[in-house]
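Along the sequence shown, residues carry numbers from 1. This is a predicted model, so every value here is computed, not measured.
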Amino acid sequence: MISKSEVHKLFQEWNNALQSKKTDQVLTLYAKEAILLPTLSPKVRHNHKEIGDYFDFFLSLSPSAEMKEENIRIFGDMAVNSGIYVFSVTQNAEIVEIPVRFTFVYKKFDSNWLIVEHHSSALPKVQ
């Protein structure tokens, strides 16, 4: 069984992969059948090719994420982490911060925990 601190480390590993700016490194963290609902695209990504196409674009923005709130739940060979992080990205030569709601669903495959579902959407402005 995985611990909450290990699930948090999976987020850190993903964030480090983003900062590598290498799509292939990011893709190693996603299961082959993973689904991505990305932050800066309206298109659902259904496989490694589509997820890779998104990260080719997204990594060009030099993203990094800072965790603000996480809620980790463990269900045997699956774990869920959801909450809020803030992306820092570079757009038009300026660093922009984007508060984001997220959900990562991880599943254990042999000895590896991989992302099977990832939803990341900009936090709505308070009305």
Which atom names give the shortest non-hydrogen contact between [X] and [Y], and what distance separates them?
| X | Y | result |
| --- | --- | --- |
| Lys43 | Pro38 | O-CD, 3.3 Å |
| Gln19 | Ser64 | NE2-CB, 3.5 Å |
| Ile98 | Ala122 | CG2-CB, 4.3 Å |
| Met1 | Glu6 | O-OE1, 4.2 Å |
| Lys21 | Leu59 | C-CD1, 3.7 Å |
| Ile84 | Phe102 | N-CE2, 3.2 Å |

Gln25 backbone acceptor or donor facing Thr28 side chain under 3.5 Å: yes
Any donor-acceptor pair under 3.5 Å from His119 side chain to Thr39 backbone: no
When hydrophobic residues are tied together by side-chain contacts of less than 4.5 Å, even through go-betweens, does [X] share a cluster with [Y]?
| X | Y | value |
| --- | --- | --- |
| Leu61 | Val96 | yes |
| Val116 | Ile51 | no |
| Met67 | Leu18 | yes |

Between atom [atom1] of [X] and atom [atom2] of [Y], what is the distance when rounded to the nearest 0.5 Å?
| X | Y | atom1 | atom2 | answer |
| --- | --- | --- | --- | --- |
| Lys32 | Asn47 | NZ | CG | 10.0 Å |
| Leu40 | Gln91 | CG | CD | 6.5 Å |
| Ile2 | Lys9 | CD1 | NZ | 10.0 Å |
| Glu13 | Asn15 | CD | CG | 11.0 Å |

From CA spacing to verdict: side-chain hydrogen bond (donor to acceptor under 3.5 Å, both in side chains), Tyr30, His48: CA-CA 8 Å; Tyr30 287 82; His48 268 205; over 6 Å; no
Tyr54/Thr23 under side-chain hydrogen bond (donor to acceptor under 3.5 Å, both in side chains): CA gap, chis, key distance, verdict: CA-CA 9 Å; Tyr54 173 74; Thr23 297; over 6 Å; no
Donor-acceptor side-chain pairing of Ser82 and Thr103 below 3.5 angstrom: no
Ile95, CD1 atom: more than 12 neighbouring heavy atoms under 6.0 Å: no
Aromatic plane relationship, Phe55 with Trp14 - under 30° parallel, 30 to 60° tilted, over 60° perpendicular: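 Perpendicular.
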Geometric class of the Phe87/Phe58 ring pair [parallel <30°, tilted 30-60°, perpendicular >60°]: perpendicular
From Leu29, Ile115, Val7, Val80, residue fulfilling side chain to side chain contact (heavy atoms under 4.5 Å, CB included) relative to Phe104: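 Answer to the side chain to side chain contact (heavy atoms under 4.5 Å, CB included) test with Phe104 among Leu29, Ile115, Val7, Val80: Ile115.
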Given Leu123, Val86, Val100, the one that forms side chain to side chain contact (heavy atoms under 4.5 Å, CB included) with Lys68: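 It is Val86, the one option of Leu123, Val86, Val100 that forms the side chain to side chain contact (heavy atoms under 4.5 Å, CB included) with Lys68.
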Phe109 six-ring face occupied by Lys107 cation (under 6.0 Å, within 45°): yes
